[in-house]
Trainee: 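Below you'll find the structure I mean.
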Amino acid sequence: EDKVVQSPLSLVVHEGDTVTLNCSYEVTNFRSLLWYKQEKKAPTFLFMLTSSGIEKKSGRLSSILDKKELSSILNITATQTGDSAIYLCAVRIQGAQKLVFGQGTRLTINP
Amino acid sequence: DAMVIQNPRYQVTQFGKPVTLSCSQTLNHNVMYWYQQKSSQAPKLLFHYYDKDFNNEADTPDNFQSRRPNTSFCFLDIRSPGLGDAAMYLCATSGSDEQFFGPGTRLTVL
């Protein structure tokens, strides 16, 4: 069964800290890995990582795909209270239209 | 510019009273999805359409049905809502690997 596991499930840090969120996957035929941010509404797309694009960066956020370890990390530097959200990792499988989601990491940034 | 639109944003229904949720898209994507998301859980895929081809997840209850009359619109019908169906319902579209989500409809069942 295809599976995506995120850790930690919950994380509380102070504003200005750097955080690293983890996502590991066991799927039959990997195609791509996606990160989403979800506040009190629908998930918004952050990054997509594939075999040909294993590192992405946007401002204070960056993500790396490790195909050997079947995992990805999402880094957020100089965190702000607006970064508080649930971060979802999802994997797309070759030949399938659907995403397999992890449980999410709830990140709380305290001022 | 709204790309995936869901109506209504909030829906209250009574136990057993049918309800229809609506999703439309301006992206001309060929795949549309319906997810159910309960508090503190990841979105759970109910079904998706690839063009007109309907794909039901094995564990989606029969109580949930869907219609896609054209590329732009997709509907989720809940025939007899139970208290356990109270959740956020998310519509998403995809033209490639990325999925774009609508704002969701929060369903309350009284």
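Lettering of chains follows the sequences in order, A, B, ..., and the numbering in each one begins at 1. Just so we're clear, the structure is a prediction, and the values are computed from it rather than from any experiment.
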Trainee: Quick one, B:Phe101 and A:Lys41 - any side-chain contact, counting heavy atoms below 4.5 Å?
Mentor: no
Trainee: Relative to chain A, which segment of B:Pro43 carries a heavy atom at a distance below 4.5 Å: side chain, backbone, both, or neither?
Mentor: both
Trainee: Is the number of heavy atoms from other residues, nucleotides or ligands under 6.0 Å of A:Arg106 CZ greater than 12?
Mentor: no
Trainee: Can you tell me which portion of A:Gln103 sits under 4.5 Å from chain B's heavy atoms? Options are side chain, backbone, both or neither.
Mentor: backbone
Trainee: How far apart are the closest heavy atoms of A:Ala42 and B:Gly102, and which atoms are they?
Mentor: CB-O, 2.6 Å
Trainee: Rounded to the nearest 0.5 Å, what separation is found between the CZ atom of A:Phe47 and the CD atom of B:Glu98?
Mentor: 12.0 Å
Trainee: Should B:Leu83 and B:Ile78 be regarded as members of a common hydrophobic cluster, given that ILVMFWY residues are connected when their side-chain heavy atoms come within less than 4.5 Å of each other, either directly or indirectly?
Mentor: yes
Trainee: For B:Lys38, does the NZ atom sit with more than 12 other heavy atoms under 6.0 Å from it, leaving out its own atoms?
Mentor: yes
Trainee: Answer yes or no: does atom CG of B:Asp62 have more than 12 heavy-atom neighbours from other residues, nucleotides or ligands under 6.0 Å?
Mentor: no
Trainee: Linking I/L/V/M/F/W/Y whenever their side-chain heavy atoms sit closer than 4.5 Å, directly or via other members, would A:Ile93 and A:Tyr25 fall into one cluster?
Mentor: yes
Trainee: So how far is it from B:Met88 CE to A:Lys40 NZ, rounded to the nearest 0.5 Å?
Mentor: 10.5 Å
Trainee: Tell me if the aromatic rings of B:Tyr35 and A:Phe101 count as close, with their centers under 6.0 Å from one another.
Mentor: yes
Trainee: Is A:Gln6 in contact with chain B via its backbone, its side chain, both, or neither, using a 4.5 Å heavy-atom distance?
Mentor: neither
Trainee: I'd like to verify something: which residue of B:Arg106, B:Glu57, B:Arg9 has the highest number of heavy-atom pairs under 4.5 Å with chain A?
Mentor: B:Glu57
Trainee: Do A:Arg92 and B:Ser94 make a side-chain contact, defined as non-hydrogen atoms from C-beta onward lying under 4.5 Å apart?
Mentor: yes
Trainee: Could you tell me which portion of B:Ser96 (side chain, backbone, both or neither) has an atom closer than 4.5 angstrom to a non-hydrogen atom of chain A?
Mentor: backbone
Trainee: Is it true that, when you exclude A:Lys57 itself, more than 12 heavy atoms of the residues, nucleotides or ligands shown sit nearer than 6.0 Å to its NZ?
Mentor: yes
Trainee: Measure the shortest side-chain to side-chain distance between A:Leu99 and B:Gln99 over non-hydrogen atoms and say whether it is less than 4.5 angstrom.
Mentor: yes
Trainee: In terms of heavy-atom contacts, does CD of B:Gln14 have more than 12 from other residues, nucleotides or ligands at under 6.0 Å?
Mentor: no
Trainee: Are B:Val31 and B:Leu90 linked, directly or through intermediate hydrophobic residues, by side-chain heavy-atom contacts shorter than 4.5 Å (ILVMFWY only)?
Mentor: yes
Trainee: Return the CG to CD distance between B:Leu45 and A:Gln97, rounded to the nearest 0.5 Å.
Mentor: 11.0 Å
Trainee: With hydrophobic residues grouped by side-chain heavy-atom distances under 4.5 Å, do A:Leu74 and A:Val91 end up in a single group?
Mentor: yes
Trainee: Rounded to the nearest 0.5 Å, what's the gap from CD on B:Gln37 to CG on A:Leu88? Could you check?
Mentor: 6.5 Å
Trainee: Heavy atoms only, distances under 4.5 angstrom: which of A:Ala90, A:Gly104, A:Pro43 has the most pairs with chain B? Name it, please.
Mentor: A:Pro43
Trainee: More than 12 non-hydrogen atoms from neighbouring residues, nucleotides or ligands closer than 6.0 Å to CZ on B:Phe54, yes or no?
Mentor: yes
